[in-house]
Amino acid sequence: MTQPGAVPRFPTSLGASDPDTITLLGRDLATDLMGKVGFGELALWLVTQRRPTPSQVRVFEAVLVALADHGFTPTAIAARLTYLSAPDSVQGALAAGLLGGGSRFLGVTEDAGRFLSDVLAGAGQPLPTDDAGWDVLALAAMTKVRAERKFVPGLGHPVHKVTDPRTPALIAIADEEGLRGPHLRLFEAIGRVHPQVLGRTLPLNGAGTCGAALADLGLPPELLRGFALLARTAGLLGQLAEERRRPVGMDIYLAVERGAENLPPEPA
């Protein structure tokens with residue numbers, strides 16, 4: 001708004017509506033998109049504002065499937081217990097689960113994408129063209145991280161101690177679609193060389209692999225956690241639906257309550 005009394009303008013290329021139509025991404029929602037575009041394709045299209053290719057959609061949807069649910073994780077427990085406490089608030093239960101997406105669960109997707117993007121940005125051009133070259137770059141990155149007493153996001157898993165089954169599956173899908181790009185190549189190289197630095201072997205976890213795959217789709221690292229949360233929303237909704245059919249929230253609560261041990265306060 002440049003003049004007093006002028007009508008404010010709020011430009012957008014996303015959704016808009018009038019009394020007769022709804023427009024989304026420059027298309028008529030009812031006639032051009034509904035029944036013709038899958039939700040995964042639409043989600044990717046909304047963020048990039050470019051219609052994705054079938055190959056990009058396949059990799060993207062594989063990521064969403066990989067991150068949707070992973071059992072009784074803290075996010076699922078939080079959602080179920082919130083639903084137990086407030087069954088009238090599905091949105092509160094979903095929000096409780098999503099708010100737990102951080103550096104240990106779900107947030108690893110973004111953290112890994114950021115880490116890999118930073119390493120690639122500092123590597124200069126041209127990037128390696130074979131595994132040996134990627135290994136050199138990965139070894140340098142691992143050595144730096146070790147010297148700084150930090151951790152590589154996406155390395156290790158609390159349950160899968162040898163191989164996270166999602167990792168080779170997602171890499172294979174990206175390879176089949178010609179989208180096994182520099183982020184995935186670097187992440188794979190970290191999986192090969194990290195024992196030289198850490199003195200032990202850890203698996204590349206699925207969340208980190210998803211971050212690498214999303215970054216190879218050209219998505220900004222700052223938004224990658226959002227895609228993990230998008231996927232987990234479906235999983236949490238499934239958790240709540242199961243909680244209605246076969247509730248365990250009360251048992252979880254009572255197990256903690258009955259196992260509580262009352263101790264005197266620790267001295268300051």
Side-chain angles (χ1 to χ4, degrees), residues 14-15 38-40 42-44 46-47 60-114 151 153-161 164-167 170 203 205-211 213-214 219-268:
L14 300 176
F39 180 70
L42 181 64
L44 190 53
L46 285 168
V47 173
F60 181 71
E61 292 190 341
V63 168
L64 296 183
V65 171
L67 296 174
D69 186 79
H70 207 177
F72 284 113
T73 60
T75 58
I77 295 171
R80 286 192 184 232
L81 291 181
T82 302
Y83 190 70
L84 170 68
S85 180
D88 53 319
S89 179
V90 171
Q91 72 274 22
L94 287 172
L98 294 176
L99 288 172
S103 59
R104 291 188 176 178
F105 291 88
L106 290 178
V108 175
T109 298
E110 176 182 315
D111 296 342
R114 282 178 178 267
F151 298 96
L155 195 56
H157 194 278
V159 176
H160 308 299
K161 299 301 184 182
D164 186 324
R166 299 170 295 178
T167 294
L170 184 54
N205 65 50
T209 309
C210 287
L214 290 174
L219 298 170
E222 297 80 8
L223 295 181
L224 298 189
R225 188 173 302 189
F227 295 111
L229 296 175
L230 173 67
R232 189 53 58 92
T233 299
L236 291 175
L237 191 57
Q239 291 280 342
L240 297 180
E242 186 175 77
E243 183 66 20
R244 289 172 54 85
R245 292 191 300 268
R246 197 163 53 238
V248 299
M250 183 64 75
D251 293 334
I252 294 172
Y253 157 61
L254 290 176
V256 176
E257 173 67 18
R258 291 165 180 167
E261 182 180 0
N262 191 14
L263 299 174
E266 295 183 1

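Listed by chain and residue number, nothing satisfies the side-chain contact (heavy atoms from CB on, under 4.5 Å) test with A78 (two or more places apart in sequence, or in another chain). Remark: R244 pairs with Y83 by the side-chain hydrogen bond (donor to acceptor under 3.5 Å, both in side chains) rule, at least two apart or across chains. Remark: S85 engages no residue in a side-chain contact (heavy atoms from CB on, under 4.5 Å) (not counting sequence neighbours). Every residue was checked against the salt bridge (charged side-chain N to carboxylate O under 4.0 Å, His left out) condition with D69, not counting sequence neighbours, and none meets it. Under the rule for a side-chain contact (heavy atoms from CB on, under 4.5 Å), the partners of A112 that lie at least two apart in sequence or sit in another chain are P153. Considering only residues two or more places apart in sequence or on other chains, H160 meets the side-chain hydrogen bond (donor to acceptor under 3.5 Å, both in side chains) condition with H70. Scored by the side-chain contact (heavy atoms from CB on, under 4.5 Å) test, E61 finds V57 as partners (sequence neighbours excluded).
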Do any side-chain atoms of residues 245-252 form donor-acceptor pairs under 3.5 angstrom with protein atoms, and if so which ones, sequence neighbours left out?
unit_1	atom_1	unit_2	atom_2	d
R246	NH2	E242	OE2	3.1

I'd like a table of donor-acceptor pairs (distance under 3.5 Å, sequence neighbours excluded) in which one partner is a side-chain atom from residues 220-233, with atom names and distances.
unit_1	atom_1	unit_2	atom_2	d
R225	NH2	D111	OD1	3.4
R232	NE	L67	O	2.9
R232	NE	A68	O	3.0
R232	NH1	T75	OG1	3.1
R232	NH2	L67	O	3.1
T233	OG1	L229	O	2.7

Can you give each donor-acceptor pair under 3.5 Å made by side-chain atoms of residues 261-268, sequence neighbours left out, with the distance rounded to 0.1 Å?
none

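With N205 contributing its side chain and H157 its backbone, the two residues share no donor-acceptor pair below 3.5 Å. Between the side chain of T109 and the backbone N or O of A207 there is at least one donor-acceptor pair closer than 3.5 Å.
Looking only at side-chain heavy atoms (C-beta outward), C210 and L170 come within less than 4.5 Å of each other.
The minimum heavy-atom distance linking A79 with L240 is given by the pair O-CD2, 3.6 Å. Minimum heavy-atom separation, L64 to G40: CD1-CA, 4.4 Å.
Applying the ring pair (Phe, Tyr, Trp, His ring centres under 6.0 Å) definition to pairs two or more places apart or across chains, none involves residues 233-268.
Taken to the nearest 0.5 Å, the CZ atom of F39 stands 11.5 Å off from the CG atom of L44.
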